[in-house]
2 protein chains.
Amino acid sequence: MCLLYRVHFISDPTKQRVIEAARKLGYVPNLSARQLRNREDHRRITLALLWPMDTRASTIVRFLNGIQEYIITEEEMEIELLIEPYGEVGIQSVKGLEVPNRFNGAILAHTTKADEQLMDGFSPSVPIVQFHRYSSKYSYVNANNFQAGEKVAEHFIQNRHERIAILYPEVSSEALEQRLAGIVGRLEKDLQTEYIQKTCTFTENGGYQAVRELIRDAYHPTALICISDHVAMGALSALHDHGISVPDQCEVMGFDNQEFSKFTIPKLSTVHLPVEKMAKRATQILVKSILNPMCPVTQEVFDLEIIHRSTTKQGI
Amino acid sequence: MCLLYRVHFISDPTKQRVIEAARKLGYVPNLSARQLRNREDHRRITLALLWPMDTRASTIVRFLNGIQEYIITEEEMEIELLIEPYGEVGIQSVKGLEVPNRFNGAILAHTTKADEQLMDGFSPSVPIVQFHRYSSKYSYVNANNFQAGEKVAEHFIQNRHERIAILYPEVSSEALEQRLAGIVGRLEKDLQTEYIQKTCTFTENGGYQAVRELIRDAYHPTALICISDHVAMGALSALHDHGISVPDQCEVMGFDNQEFSKFTIPKLSTVHLPVEKMAKRATQILVKSILNPMCPVTQEVFDLEIIHRSTTKQGI
DNA sequence: CTGTTAGCGCCTTCAG
DNA sequence: CTGAAGGCGCTAACAG
């Protein structure tokens with residue numbers, strides 16, 4: 001019992017009555033007032049993590065791991081992390097961007113096009129760092145997804161593939177579109193290589209179904225570029241079910257380098273995305289901007305590398 | 001710029017000087033004061049999610065998904081979610097449990113034995129709901145892991161296995177220990193069945209290495225019980241690398257029913273853990289306790305069912 | 001146009 | 001033992 005928790009001089013029955021009344025009125029102690037009163041939060045700041053709670057949520061674990069390292073080591077400030085999982089409505093539902101009293105700063109992750117337009121239009125009341133996307137206006141930490149896409153395409157061109165299928169999600173983000181653009185851009189330059197784009201949901205099941213449909217339609221890809229490891233895992237499963245051997249009959253490439261992708265069968269070749277490092281950096285930049293409102297916009301891009309494991313063939 | 005953001009009558013150079021001074025002093029606006037002043041937070045409560053940022057973090061995504069559904073539909077209150085990822089120090093590092101001004105209530109997930117002892121000892125300043133563990137003192141939402149362990153063991157006894165290996169993690173939680181206890185308890189009742197316990201880290205790599213070591217030591221299991229799907233995935237990978245066919249030469253069972261386990265090769269049989277439902281329920285109970293401090297302790301246990309896919313054999 | 005102040009809700013302290 | 005009041009930091013409103 002926290003209400004009345006140090007009031008000794010009130011008799012128990014009276015306490016009961018007060019508590020009962022409080023319950024009826026729906027009274028909840030006001031945290032802001034308590035914090036203000038106790039003023040032990042002088043060096044505390046609250047960061048918000050605006051993350052879409054759709055299928056792209058899985059990297060949030062890696063993000064949190066990356067961020068935590070920073071939070072713990074940061075001694076100057078005490079950092080509090082607010083999760084704002086927003087749904088399909090988009091970022092507009094997050095109140096704290098308009099009002100400056102919810103959090104001191106925010107990291108926006110995987111925003112959609114609509115979100116981005118919204119963000120361009122108005123000026124948020126607190127510093128913002130965009131995660132995994134470019135921005136002309138705000139600080140960001142991004143990865144060179146376009147170049148990574150080119151590298152992946154390059155690999156498959158080298159291996160002289162006849163039929164390349166690109167599995168990419170309908171609900172997209174800039175990062176994923178950049179990957180696609182990089183892949184397609186490079187493939188287009190090479191006239192010998194044929195490819196098709198196949199949309200799917202951004203899940204294992206999406207990859208599975210997409211491959212099934214391709215095969216049903218008598219399209220037998222010799223290479224599969226999956227826009228995420230999750231999709232790739234589903235694709236591997238479907239290829240296996242159809243008796244197509246990887247990488248002999250079909251090479252497969254993923255994106256992200258999730259923990260599990262070392263343990264698929266065969267072990268998945270993928271593009272390493274340094275989520276943890278990016279998260280740490282994004283948090284650093286945000287905290288700096290909060291402490292120094294005049295801090296210039298900081299924009300960083302991480303280079304990405306292909307990790308060849310067992311679903312691709314090298315040096316043929 | 002949020003500082004001075006509506007003060008129009010101050011000249012720009014002066015603004016600059018003020019901001020510069022603020023920066024030098026390390027001034028950060030006090031959110032509590034702002035919130036208090038603007039009092040539009042009458043019906044807002046803050047929930048904390050105390051989650052260990054170790055390898056058990058992966059279910060946090062499912063948890064967040066489950067919780068979000070509730071948060072959005074709950075109209076009476078505006079619910080804010082604070083993540084307190086605590087490290088190896090344990091729960092003691094979370095200040096808000098002692099002081100009643102950080103959050104209105106907390107969900108403790110995957111606490112360790114040390115944490116549990118600590119919690120038994122003192123009375124937290126806010127309502128608590130334990131997630132995925134029993135408690136004599138607090139509300140909890142748990143799953144019947146013991147019974148699930150028994151069911152799994154029962155299956156393998158039915159299939160008359162000669163060598164069963166149980167892979168379970170060193171850093172454990174009550175839930176995992178219950179699984180183990182259920183498995184071992186049931187196996188012990190059957191004198192014909194031999195089994196061994198093998199510890200491993202709680203990751204895909206842990207499962208992979210454990211199986212490698214077993215085989216190196218000339219122990220060829222005919223059944224593998226993995227205490228989580230992640231471990232199972234690693235185990236499957238290792239079995240594949242050693243040319244051991246699943247389920248013919250070795251059956252494999254996981255726990256949790258993570259999204260990916262439908263897409264391993266072969267498709268993983270596992271025990272479904274309804275994380276989303278449990279998360280939603282835990283949040284409901286917590287909110288109720290916050291709104292009604294006299295609310296009695298609520299304790300709920302979900303039953304678990306085996307999902308047979310392709311890594312086990314049924315009806316032989 | 002500029003400076004002052006009241007009061008948000010809470011809890012500690014001090015006065016009666 | 002009980003009751004009243006001050007002040008945490010902020011900003012809208014008001015007074016000069």
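Each chain gets a letter, A, B and so on, in the order the sequences are listed, and its residues count up from 1. What you see below is based on every heavy atom in this structure, not just the backbone, and it leaves out hydrogens, waters and symmetry mates.
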Enquirer: Pairs in or reaching into residues 283-299 of chain B: which pass side chain to side chain donor-acceptor pair (under 3.5 Å), with residues at least two apart or in two chains?
Expert: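 Qualifying pairs, neighbours excluded: B:Arg281-B:Gln284.
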
Enquirer: Between C:dG9 atom P and A:Tyr27 atom OH, what is the distance in whole Å?
Expert: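 It works out to 10 Å between those atoms.
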
Enquirer: How close or far is atom C1' of D:dT11 from atom CG of A:Leu36, stated in whole angstroms?
Expert: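 The answer, rounded to whole Å, is 13 Å.
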
Enquirer: Quick one: are B:Val28 and A:Ile45 in side-chain contact, heavy atoms under 4.5 Å?
Expert: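 Yes - at least one pair of side-chain heavy atoms lies under 4.5 Å apart.
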
Enquirer: Is there a side-chain polar atom (N or O) of B:Arg37 under 4.0 Å from OP1 or OP2 of C:dG7?
Expert: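 No, because none of the side-chain N or O atoms of B:Arg37 sits under 4.0 Å from OP1 or OP2 of C:dG7.
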
Enquirer: Tell me: CG of A:Leu31 to P of C:dC11, nearest whole Å?
Expert: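 So the two atoms are 10 Å apart, to the nearest Å.
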
Enquirer: Begin from the C-alpha positions of B:Ser173 and B:Arg133 and carry the test side-chain hydrogen bond (donor to acceptor under 3.5 Å, both in side chains) through to its verdict.
Expert: CA-CA 8 Å; B:Ser173 66; B:Arg133 90 167 295 144; over 6 Å; no

Enquirer: For the helix from C:dC1-D:dG16 to C:dG16-D:dC1, measure the angle between the helix axis at one end and the axis at the other, each built from five pairs, rounding to 10°.
Expert: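 Axis angle across the helix from C:dC1-D:dG16 to C:dG16-D:dC1, nearest 10°: 70°.
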
Enquirer: Quick one: do the B:Asn145 and B:His132 side chains pair a donor with an acceptor below 3.5 Å?
Expert: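 The answer is yes; a qualifying pair exists.
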
Enquirer: Find the distance B:Arg34:CZ to D:dG9:P and express it as a whole number of Å.
Expert: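 The distance from CZ of B:Arg34 to P of D:dG9 comes to 14 Å, rounded to the nearest Å.
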
Enquirer: When the distance from CG of A:Asn38 to P of D:dG9 is rounded to whole Å, what number comes out?
Expert: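 From A:Asn38 CG to D:dG9 P: 12 Å.
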
Enquirer: So how far is it from B:Gln130 CD to B:Asp115 CG, rounded to the nearest 0.5 Å?
Expert: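 Between atom CD of B:Gln130 and atom CG of B:Asp115 there are 8.5 Å.
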
Enquirer: Which residues pass the salt bridge (Lys or Arg N to Asp or Glu O under 4.0 Å) test with A:Glu84, not counting sequence neighbours?
Expert: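 So A:Glu84 forms no salt bridge (Lys or Arg N to Asp or Glu O under 4.0 Å) with any residue.
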
Enquirer: What's the CG-P distance between A:Asn104 and D:dC10, to the nearest Å?
Expert: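 Atom-to-atom, A:Asn104 to D:dC10, this comes out as 11 Å.
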
Enquirer: Distance check needed: D:dC10 P versus B:Gln35 CD, whole Å only.
Expert: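 Checked: the CD to P distance equals 12 Å.
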
